[in-house]
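Accompanying notes for the structure given below.
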Amino acid sequence: MRVLRDVFAHFGYSLEENFFTRTEPFSKMAVVNKCIDTIVNGYILKADLVPDVTCKDFLAVFRRKFCCEFIADERDMTVSVAFLGDMLSQPPSTDLTGNMTAEPTFSFKSQKDFRRVKLSSEHKVDQEASDSYDSVKELQSRHETAVFCYVDGAFYKRGWKGLQQVETKIAESSMDYDIGDEEQVEEVSVPDLQPEYRILRHVHEYNGETQTRTLGYYLYVGDYVTRHSKLKTSNVESDDEDYDEDTKASGNPCILAFSFTDNSHIAGTAGSVSAYNLYSQGLGVPAYGSNLNTRGLSKIWDYSLFYWGPDGVFEKFYRQMDLLRRNALNEVKVKLLLSAHEKMNIPVSRKVCLRSEEFFLDKLKFTLGGKDDPLETTMLTVSPGTPLSEAASIEVKLPMMTAEYHWETRSETTDVTWVSWLVEDESPYHGDGEFHTTVYPPLPCAELVGSYYAEQSAYIYQGYDVVPFSGYRYKYKRRRVWLVCVHN
């Protein structure tokens with residue numbers, strides 16, 4: 001939060017204590033730096049450590065990502081932070097019923113005028129997943145067993161290659177928040193880059209062989225930036241026509257991450273955008289295990305910087321805004337005659353009351369000095385209409401996450417004749433005993449209980465006796481593997 005304080009201090013304001021400064025992990029939130037040659041000249045410039053954005057865009061990252069507003073007090077030269085959730089939970093600041101000089105007029109929206117919130121980041125890293133999706137509705141229609149992982153924020157589906165479980169990433173953690181409902185979209189575009197967790201691997205040659213060492217899960221922020229040297233990352237070719245001085249000096253957008261310290265982490269302190277401790281098991285995110293959603297890892301705080309999930313940006317900061325966009329914010333116009341004290345002291349971030357109904361102020365008009373005539377004020381309703389439209393949680397949109405049934409493997413090994421082994425094994429990997437096809441079953445349900453699904457066979461042979469002058473005597477076997485649907 002140091003950079004945020006410095007931005008306001010530059011303009012002569014001091015930032016008051018607020019949710020960001022007193023709530024973990026936001027009190028430890030940092031701006032991630034992509035520049036790799038900040039110290040090449042023997043000193044460090046602060047300009048090399050901060051994003052290549054204007055102060056306006058930097059503040060817009062907070063305003064749009066966390067649904068808040070910075071409110072300046074010109075008298076005390078202070079800045080407070082107002083969140084929509086706080087504005088809705090606080091009681092009205094004043095009752096303006098007695099100030100009305102005429103009956104209010106209501107303008108109700110038609111169904112097509114209501115909106116739902118879509119959240120996205122303007123910058124994204126190159127993705128590992130092979131496909132991308134416009135909404136979670138589209139994702140689920142193409143992968144009915146998709147799940148959202150609370151730990152790394154990505155979407156996965158589970159398959160089987162024989163007895164081996166295979167987890168396939170189908171969408172990245174930076175996927176836009178778009179629930180895919182019928183309402184028109186009110187898009188909120190955040191001018192930041194959403195980092196993603198990736199496995200860091202070290203590839204090297206040893207005795208003529210290529211060896212790969214897995215170092216763990218780390219935040220991936222894309223290509224590095226250089227400012228004071230001609231250093232290039234390995235994926236930038238020296239003859240790349242697009243790599244010039246302008247490219248070298250740019251490409252450092254605003255990236256937010258929580259600062260997290262854990263003794264099991266190789267560096268002690270690392271950046272995190274998750275609510276879970278990815279490093280509690282040494283290597284980072286382990287295999288799924290029994291829990292598809294949390295992977296058995298410990299939760300360290302109640303917030304993440306993913307758009308999705310119960311700890312994510314939408315659920316923590318935007319659900320109430322989405323509810324208002326879908327069901328309320330109808331326009332109300334009323335003429336008010338305000339006293340001099342009311343003109344100067346009605347807070348813009350608090351609700352007001354008319355005849356026991358609560359409203360947000362949209363446009364408050366009044367005159368200073370001269371004749372004090374009533375002027376038309378515009379307000380917005382905050383009480384939702386009926387029927388209520390509400391965004392479903394990710395657990396509802398992806399039924400696999402709360403399914404009462406799951407898939408288990410069964411296997412059987414039988415002896416077969418040499419002729420059967422030779423004729424039946426049509427695999428190009430003849431006789432290796434391995435399963436080479438990954439099977440992705442449908443959503444488990446009560447109707448599938450007791451039935452076999454996706455039976456696979458693999459054939460093996462093994463020598464078990466030595467025959468003089470003839471070599472080995474062989475046994476031939478068939479290994480059958482299939483899936484069954486069982487209740488949790």
Side-chain angles (χ1 to χ4, degrees), residues 126-133 139-147 149 152 154-172 198-203 205-206 208-214 217 283-292 295 400 403 405-445 448 450-464 471-486:
D126 52 291
Q127 64 177 32
E128 286 184 324
S130 58
D131 295 317
S132 59
Y133 307 92
L139 181 146
Q140 200 278 331
S141 68
R142 295 173 60 179
H143 306 281
E144 63 176 347
T145 58
V147 296
C149 177
D152 65 0
F155 295 82
Y156 294 85
K157 66 177 179 179
R158 173 182 282 180
W160 278 265
K161 185 183 291 185
L163 296 174
Q164 177 187 359
Q165 292 182 9
V166 178
E167 281 75 40
T168 302
K169 182 188 288 188
I170 54 178
E172 304 289 354
R198 301 286 173 85
I199 298 177
L200 180 63
R201 297 181 174 91
H202 178 246
V203 181
E205 297 289 332
Y206 181 76
E209 296 182 357
T210 301
Q211 297 186 354
T212 302
R213 179 190 176 194
T214 300
Y217 269 71
L283 192 61
V285 177
Y288 268 131
S290 60
N291 194 312
L292 290 168
R295 300 178 187 255
M400 185 65 196
Y405 301 86
H406 66 278
W407 293 102
E408 291 184 358
T409 55
R410 299 288 187 268
S411 64
E412 179 186 65
T413 301
T414 57
D415 294 329
V416 296
T417 65
W418 174 77
V419 174
S420 297
W421 174 82
L422 188 65
V423 174
E424 295 178 11
D425 188 4
E426 299 177 349
S427 168
Y429 311 94
H430 191 81
D432 67 351
E434 300 293 331
F435 296 89
H436 298 275
T437 302
T438 301
V439 174
Y440 296 98
L443 185 70
C445 59
L448 296 175
S451 61
Y452 289 12
Y453 184 82
E455 180 179 330
Q456 301 179 76
S457 295
Y459 294 81
I460 58 175
Y461 67 95
Q462 60 184 123
Y464 69 95
Y472 283 100
R473 183 177 295 163
Y474 292 95
K475 288 183 178 180
Y476 302 91
K477 297 180 180 293
R478 179 179 66 181
R479 180 184 298 161
R480 294 174 55 238
V481 174
W482 63 94
L483 297 173
V484 294
C485 179
V486 298

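In this text, all values refer to a predicted model and were calculated from it rather than measured experimentally. The figures that follow rest on heavy atoms only: side chains count, while hydrogens, waters and symmetry mates do not.
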Notebook entry, point to check: Which one of K157, K161, R158 satisfies the salt bridge (Lys or Arg N to Asp or Glu O under 4.0 Å) criterion with E167?
Noted result: R158
Note to self: If you apply the rule salt bridge (Lys or Arg N to Asp or Glu O under 4.0 Å), what do you find for E408 with R410, and how did you get there?
What the structure shows: CA-CA 7 Å; E408 291 184 358; R410 299 288 187 268; 3.1 Å; yes
Item checked: A146 versus I170, closest heavy-atom pair with distance -> CB-CD1, 3.5 Å
Checklist line | Residue pair H436 / E434, side-chain donor-acceptor N/O under 3.5 Å | finding: no
Notebook entry, point to check: Can you name the closest pair of heavy atoms from P441 and T145 and give their distance?
Noted result: O-CG2, 3.4 Å
Margin query: Consider salt bridge (Lys or Arg N to Asp or Glu O under 4.0 Å). Of R479, R480, R478, which one does E455 pass it with?
Written below: R480
Item checked: Audit row: Y452, V484, side chain to side chain contact (heavy atoms under 4.5 Å, CB included) steps and yes/no -> CA-CA 5 Å; Y452 289 12; V484 294; 4.1 Å; yes
Next item on the list: Give the minimum heavy-atom separation between S411 and L163, together with the two atoms involved.
Entry: CB-CD2, 4.0 Å
Check: What distance separates L448 CG from L443 CG, expressed to the nearest 0.5 Å?
Finding: 8.5 Å
Notebook entry, point to check: Between CD1 of I199 and OG1 of T212, what distance do you get to the nearest 0.5 Å?
Noted result: 11.5 Å
Next item on the list: State, with a plain yes or no, whether a side-chain heavy atom of M400 is found less than 4.5 Å away from one of P444.
Entry: yes
Item checked: Shortest non-hydrogen separation from V439 to Q456 and the atoms involved -> CG2-NE2, 3.5 Å
Checklist line | Any donor-acceptor pair under 3.5 Å from E172 side chain to A154 backbone | finding: no
Next item on the list: Drop me the distance from C485's SG to Y405's OH, to the nearest 0.5 angstrom.
Entry: 7.5 Å
Check: Where do Y440 and G159 come nearest, in terms of heavy atoms and distance?
Finding: CD2-CA, 3.5 Å
Notebook entry, point to check: Just how far is it from atom CZ of R198 to atom CD of E128, taken to the nearest 0.5 Å?
Noted result: 4.0 Å
Note to self: Could you go through W160 and V166, starting from their C-alpha distance and side-chain angles, then the distance that decides it, and tell me whether this counts as side chain to side chain contact (heavy atoms under 4.5 Å, CB included)?
What the structure shows: CA-CA 5 Å; W160 278 265; V166 178; over 6 Å; no
Check: With ring centroids as reference points, do Y453 and W407 lie under 6.0 angstrom apart?
Finding: yes
Check: Considering residues at least two apart in sequence or located in another chain, which fulfil the side-chain contact (heavy atoms from CB on, under 4.5 Å) criterion with R142?
Finding: D131, Y133, E138
Notebook entry, point to check: Roughly how far, to the nearest 0.5 Å, is the CH2 atom of W482 from the OG atom of S457?
Noted result: 9.5 Å
Margin query: Can you confirm whether Q211 is buried at CD, in the sense that more than 12 heavy atoms of other residues, nucleotides or ligands lie under 6.0 Å from that atom?
Written below: yes
Next item on the list: Decide side chain to side chain contact (heavy atoms under 4.5 Å, CB included) for D415 and Y476; before the verdict, give the C-alpha distance in whole Å, the side-chain angles of both, and the deciding distance to 0.1 Å.
Entry: CA-CA 6 Å; D415 294 329; Y476 302 91; over 6 Å; no
